[in-house]
Amino acid sequence: MPLPPQSELSPAGMPKGGALFAPGGRDDLLAAAEARLSEAAGVWRMRLLARDLIGALGPAVERALHDAGLSARLRRVVSVRITRGVREYGSCNIPRADDGICRLAFSGHLFFPGNAAVLLDVVAHELLHACLPPGEGHGGMFHRGMAALNERLGLHIQVYSEKTAIRQSEALYRYKVVCAACGHAFYYLRAGAVVKHPSRYRCAKCGKGAFEVYRLETIENAEA
């Protein structure tokens, strides 16, 4: 049985469903996402953009898998979180108690102008997980689904994303330690010994022992 027809536009004006299979469909979605990325400052706007991309891509992902002969149905997405992850760009959690729902999360470091293509691929990657059995992981069925989505939707989904997928900036870290003598800066994700006891250490660049410690703003405490 073919999937029921999908609306051609998402509530946010993004092309979705059958429109993504038409020539230029992916480019139209990329343009819409890129326009939103320039305004995606704050966790709330990031969540709205992620939600709208899920709404746009979800029906197309499900249809592409169906056309490829994979009996996979998209679970209902009950929550979307923005994290400060720098190693894990996205995640799909399927509760054991209810296999019909899932919870998606995406790194806030993906949301910056010029990164629409990567963001699209990460969202599609997690939606693929949301369609497959909970224990599938990156197994054979995932690879078949990934190939189908890349071919039919013009995506470039990978099992693991490149490091360049996220913004390389101070936003990746919580602490900045600056040598007062030479100005060299060191960045840390956790409050380790250097952050807690800077007077015990010397600068690796100039050998001096005068550090200033700064707490950086992170994705979690950024204003929505």
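All values below come from the heavy atoms of this structure, side chains included, with hydrogens, waters and symmetry mates left out. FYI, the numbering just counts along the sequence from 1.
Atom CZ of Phe142 and atom CG of Leu128 lie 4.5 Å apart (nearest 0.5 Å). A distance of 13.0 Å separates CZ in Arg51 from CZ in Phe106, rounded to the nearest 0.5 Å.
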Side chains of residues 95-105: which donor-acceptor pairs under 3.5 Å do they make with residues two or more places apart or in other chains?
{"unit_1": "Asp98", "atom_1": "OD1", "unit_2": "Gly100", "atom_2": "N", "d": "3.0"}
{"unit_1": "Asp99", "atom_1": "OD1", "unit_2": "Arg75", "atom_2": "NE", "d": "3.4"}
{"unit_1": "Asp99", "atom_1": "OD1", "unit_2": "Arg75", "atom_2": "NH2", "d": "3.0"}

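The shortest heavy-atom contact between Pro15 and Ala56 is O-CB, 3.6 Å. Considering every non-hydrogen atom in both Arg47 and Val80, the closest pair reads NE-O, 3.0 Å. Of all non-hydrogen atoms in Leu20 and Ala60, the two that sit nearest each other are CD1-CB, 3.7 Å. Residues Leu132 and Ala72 share a closest heavy-atom pair of CD2-CB, 4.2 Å. Shown here for Ala124 and Ile157, the closest heavy-atom pair between the two residues is CB-CD1, 3.7 Å. Residues Ala116 and Leu37 approach most closely at N-CD1, 3.5 Å, considering heavy atoms.
Partners of Ala180 under the side chain to side chain contact (heavy atoms under 4.5 Å, CB included) rule, at least two apart in sequence or in another chain, are Ala210, Glu212. Checked against side chain to side chain contact (heavy atoms under 4.5 Å, CB included), Ala181 has the following partners two or more places apart in sequence or in another chain: Cys179, Cys206, Lys208. Partners of Asp67 under the salt bridge (Lys or Arg N to Asp or Glu O under 4.0 Å) rule, at least two apart in sequence or in another chain, are Arg63. Judged as a ring pair (Phe, Tyr, Trp, His ring centres under 6.0 Å), and not counting sequence neighbours, Phe211 has no contacts. Residues passing the side chain to side chain donor-acceptor pair (under 3.5 Å) test with His138, sequence neighbours excluded: His125, His129. Applying the side chain to side chain contact (heavy atoms under 4.5 Å, CB included) rule to Arg26 yields the partners Leu30, Ala117, Leu120, Leu155, His156; only residues at least two apart in sequence or on another chain are considered.
Inter-residue side-chain proximity for Leu70 and Met141 is flagged as met; some heavy-atom pair is nearer than 4.5 Å. Two residues are said to be in side-chain contact when any heavy atoms from C-beta on lie closer than 4.5 Å; Thr83 and Tyr89 fail this criterion. Put simply, the side chain of Asp28 does not reach to within 4.5 Å of the side chain of Met14, judged on heavy atoms. Put simply, the side chain of Leu119 reaches to within 4.5 Å of the side chain of Leu49, judged on heavy atoms. In this structure, Glu126 and Ile54 have side chains that are not in contact, with every pair of non-hydrogen atoms separated by 4.5 Å or more. The shortest side-chain heavy-atom distance between Val159 and Met146 falls under the 4.5 Å cut-off.
In the hydrophobic clustering, Tyr214 connects to Val178, either directly or through intervening members, whenever side-chain heavy atoms lie under 4.5 Å apart.
Judged by distance alone, with hydrogens and angles left aside, the side-chain atoms of Glu62 form a donor-acceptor pair with the main-chain N or O of Leu74 at under 3.5 Å.
Residue pairs that meet the salt bridge (charged side-chain N to carboxylate O under 4.0 Å, His left out) test with at least one member in residues 185-203, sequence neighbours left out, do not exist here. For residues 132-158, no residue pair satisfies the salt bridge (charged side-chain N to carboxylate O under 4.0 Å, His left out) rule, not counting sequence neighbours.
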Problem set entry | Stepwise side-chain contact (heavy atoms from CB on, under 4.5 Å) check, Val43 with Phe111 | CA-CA 10 Å; Val43 174; Phe111 294 78; over 6 Å; no
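Hydrophobic cluster membership differs between Ile94 and Leu127, with clusters built from Ile, Leu, Val, Met, Phe, Trp and Tyr side chains linked at under 4.5 angstrom.
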